[in-house]
Amino acid sequence: MIFVVELTTKDFVMHSLQNDKLKISVQDIGAELCEIKAVQQGTQFMWDANPKIWGSFAPNLFPIIGGLKHGIFKYNTNSYAVPKHGLIRHSKAIALTAQTKDSLVYKLTYSDELLKLYPFKFEFEFEIQFTLADNKIIVSHTVKNCDSKTMYFSLGGHPAFKCPLFKGEAYSDYSLKFETVEHAVTYILDAKTGLVTDDTLLVLDHTETLPLQHELFDNDALIFKSLKSKRVTLNNNTKGAVVSVDFPDFNYLGIWAKPNGNFVCIEPWLGITDHVNSNQILEQKEGMLSLKPEETFSATYSITINDAFL
């Protein structure tokens with residue numbers, strides 16, 4: 001049976017769902033998925049957000065991905081400063097608005113304070129749920145334009161999965177498996193600004209396998225713009241598939257970790273960090289989505305835990 005519980009820790013309140021295979025938890029701050037745990041074996045699949053390395057679990061990214069050139073965008077002759085990855089991450093204003101036996105729904109609605117940072121009236125809804133196939137977690141995002149003008153935005157996920165999973169294993173005992181054979185480059189980020197450049201580096205050379213090693217992330221994230229794959233799996237090289245992320249609604253993908261972090265982020269994006277040569281005009285920013293007044297946009301990705309690890 002699936003149920004919802006509320007837990008309070010020293011640092012935050014979180015809500016949990018559990019069935020006979022998995023327990024998942026979402027912290028109220030930022031509506032951030034912070035736990036995916038096997039009920040029987042006790043295996044924890046999420047990164048523990050060690051603040052000495054990287055103090056997040058799975059930030060929700062909206063209305064921008066990454067950073068802005070000089071920290072601002074321009075709209076209708078005004079400049080607006082939105083924090084890196086947007087308004088949801090670290091937000092205490094996003095609130096649990098609905099819960100069922102198998103889902104949690106969080107919502108953030110525009111306010112006078114938020115309009116100073118982002119000049120559009122919006123509703124952002126974040127839902128996390130189990131499906132009937134109870135080893136899968138569905139992560140859904142819905143954005144409604146409550147304004148009288150066209151709204152421009154990006155959104156995405158940033159889940160961090162523990163790697164390696166078990167004592168005695170090394171980071172190099174794992175790899176990422178793409179859904180299909182890829183010939184793909186990463187777009188290199190500028191070391192000083194963190195903004196994307198036109199420089200590329202071949203990462204996947206007619207292969208579906210990316211061996212994991214900490215050095216992959218010496219120059220920050222791997223950024224893919226035109227993958228054929230819509231699924232990436234964290235794979236134990238001897239035990240097989242562990243965690244799969246399916247992202248049919250997303251056209252960019254980030255892969256990232258701290259060089260000394262025992263985790264890997266598989267990040268479905270609709271949007272991308274600013275280019276080093278950006279003119280900072282919001283409507284012309286790469287990857288931006290547009291939404292007419294009163295229209296609604298939805299995008300979903302899912303996380304599946306292989307039954308062999310449950």
Colleague: Is the shortest heavy-atom distance from the side chain of Y152 to the side chain of L289 under 4.5 Å?
Modeller: no
Colleague: Could you see if I137 belongs to whatever hydrophobic cluster contains F309? Use Ile, Leu, Val, Met, Phe, Trp, Tyr and a side-chain cutoff under 4.5 Å.
Modeller: yes
Colleague: In terms of hydrophobic clustering (I, L, V, M, F, W, Y; side-chain heavy atoms under 4.5 Å; direct or indirect links), are F153 and Y252 co-clustered?
Modeller: no
Colleague: Determine yes or no for a side-chain-to-main-chain donor-acceptor pair under 3.5 angstrom, with E123 supplying the side chain and N145 the backbone.
Modeller: no
Colleague: Going by the rule side-chain contact (heavy atoms from CB on, under 4.5 Å), which residues pair with A98 if we only count those two or more places apart in sequence or in a different chain?
Modeller: V105
Colleague: Might you confirm whether atom CG of N219 has over 12 heavy atoms from other residues, nucleotides or ligands at distances under 6.0 Å?
Modeller: no
Colleague: Any chance you could measure S175, atom OG, to L210, atom CG, to the nearest 0.5 Å?
Modeller: 8.0 Å
Colleague: Using 30° and 60° as the class limits, which term best fits the ring planes of F126 and F124: parallel, tilted or perpendicular?
Modeller: parallel
Colleague: Do K225 and Y187 form a cation-pi contact, if we require the NZ or CZ to be under 6.0 Å from the six-membered ring centre and within 45 degrees of the ring's axis?
Modeller: yes
Colleague: Kindly work out whether a path of hydrophobic side-chain contacts (I/L/V/M/F/W/Y, heavy atoms less than 4.5 Å apart) joins L17 to I94.
Modeller: yes
Colleague: For a quick test of reading the model, state the closest non-hydrogen atom pair linking Q27 to C34 and the distance between them.
Modeller: N-SG, 3.7 Å
Colleague: Would K239 and E169 satisfy side-chain contact (heavy atoms from CB on, under 4.5 Å), going step by step from the backbone distance to the final call?
Modeller: CA-CA 12 Å; K239 300 176 183 177; E169 293 183 333; 3.7 Å; yes
Colleague: Which residue is it: I303, N306, T304? I am looking for the one with a side-chain contact (heavy atoms from CB on, under 4.5 Å) to N135.
Modeller: T304
Colleague: Does either side chain, that of E35 or that of S25, offer a donor lying less than 3.5 Å from an acceptor on the other one?
Modeller: yes
Colleague: State the OG-NZ distance between S278 and K74, to the nearest 0.5 angstrom.
Modeller: 9.0 Å
Colleague: When rounded to the nearest 0.5 angstrom, what is the spacing between CG in L204 and CG in L227?
Modeller: 7.0 Å
Colleague: Taking atom types as modelled, find out whether D205 and T207 have a side-chain donor-acceptor pair closer than 3.5 angstrom.
Modeller: no
Colleague: Hey, is the main chain of N277 close enough, under 3.5 Å, to the side chain of H275 for a donor-acceptor pair?
Modeller: yes
Colleague: Any side-chain heavy atom of K177 within less than 4.5 Å of one from T209?
Modeller: yes
Colleague: For the ring pair F73 and Y80, is the centre-to-centre distance below 6.0 Å?
Modeller: yes
Colleague: Tell me whether the rings of W54 and F263 are parallel (<30°), tilted (30 to 60°) or perpendicular (>60°).
Modeller: parallel
Colleague: Between K149 and D147 (salt bridge meaning N to carboxylate O under 4.0 Å), is one present in this structure?
Modeller: yes
Colleague: Can you check whether L291 reaches T150 side chain to side chain, under 4.5 Å on heavy atoms?
Modeller: no
Colleague: List the steps and the verdict of side-chain contact (heavy atoms from CB on, under 4.5 Å) for L87 and Y118.
Modeller: CA-CA 9 Å; L87 303 175; Y118 178 66; 3.9 Å; yes
Colleague: Hey, are the side chains of I65 and S154 touching, using non-hydrogen atoms and a 4.5 Å cut-off?
Modeller: yes
Colleague: Could you check H141 against T300 for side-chain contact (heavy atoms from CB on, under 4.5 Å), going step by step and ending with a plain yes or no?
Modeller: CA-CA 6 Å; H141 312 77; T300 297; over 6 Å; no
Colleague: Is it the case that one hydrophobic cluster holds both W47 and L33, taking links as side-chain heavy atoms less than 4.5 Å apart, direct or via other members?
Modeller: no
Colleague: Just verifying a value: how many Å separate L195 CG and T197 OG1, rounded to the nearest 0.5 Å?
Modeller: 10.0 Å
Colleague: Can the ring centres of H158 and W256 be said to be less than 6.0 Å apart?
Modeller: yes
Colleague: Check whether any side-chain heavy atom of Y106 lies under 4.5 Å from a side-chain heavy atom of E125, and answer yes or no.
Modeller: no
Colleague: What pair of heavy atoms forms the shortest contact from L165 to V242, and how long is it?
Modeller: CD1-CG1, 3.4 Å
Colleague: Before giving the answer on side-chain contact (heavy atoms from CB on, under 4.5 Å), spell out for Y301 and V245 the whole-Å C-alpha distance, their side-chain angles and the decisive distance to 0.1 Å.
Modeller: CA-CA 7 Å; Y301 71 88; V245 178; 4.1 Å; yes
Colleague: Checking T238 against N236 for the side-chain hydrogen bond (donor to acceptor under 3.5 Å, both in side chains) test, could you report, in this order, the C-alpha distance in whole Å, the side-chain angles of both residues, the deciding distance, and whether it holds?
Modeller: CA-CA 6 Å; T238 58; N236 183 296; 2.9 Å; yes
Colleague: Any ion pair linking K292 and E295 (charged N to carboxylate O, less than 4.0 Å)?
Modeller: no
Colleague: Just wondering, do L212 and L234 contact through their side chains at under 4.5 Å, heavy atoms?
Modeller: yes
Colleague: Before accepting this row, confirm whether a basic side-chain N of the pair K21/D307 lies closer than 4.0 Å to the acidic partner's carboxylate O.
Modeller: yes
Colleague: Is the distance between the ring centroids of F120 and Y75 under 6.0 Å?
Modeller: yes
Colleague: Please determine which of E208, E182, E179 meets the side chain to side chain donor-acceptor pair (under 3.5 Å) test together with S229.
Modeller: E182
Colleague: Nearest 0.5 Å please: distance from the CD1 atom of I281 over to the CE atom of M288.
Modeller: 12.5 Å
Colleague: Is there a path of hydrophobic side-chain contacts, each under 4.5 Å between heavy atoms, that joins I128 and F45?
Modeller: yes
Colleague: Per the side-chain contact (heavy atoms from CB on, under 4.5 Å) rule, which among N60, L61, T273, I64 passes with H85?
Modeller: L61
Colleague: When rounded to the nearest 0.5 angstrom, what distance separates CG in L201 from CD1 in I223?
Modeller: 12.5 Å
Colleague: Run the side-chain hydrogen bond (donor to acceptor under 3.5 Å, both in side chains) check on N235 and T233 step by step: do they pass?
Modeller: CA-CA 6 Å; N235 189 69; T233 298; over 6 Å; no
Colleague: Would D274 and K69 pass as an ion pair if we require N to O under 4.0 Å?
Modeller: no
Colleague: Would you indicate whether the side-chain heavy atoms of E32 and M14 approach each other to under 4.5 Å?
Modeller: no
Colleague: Salt bridge between D48 and K162, side-chain N to carboxylate O under 4.0 Å?
Modeller: no
Colleague: What do the steps show when you test N279 against Q284 for side-chain hydrogen bond (donor to acceptor under 3.5 Å, both in side chains), and what is the final call?
Modeller: CA-CA 8 Å; N279 62 13; Q284 298 176 21; 2.6 Å; yes
Colleague: Taking all atoms of both residues into account, what is the closest heavy-atom pair of P159 and G157, and its distance?
Modeller: CD-C, 3.5 Å
Colleague: Evaluate the side-chain proximity of W269 to N251: yes if any heavy-atom separation is below 4.5 Å, no if none is.
Modeller: no
Colleague: Is there a donor-acceptor contact under 3.5 Å linking the side chains of H15 and D28?
Modeller: yes
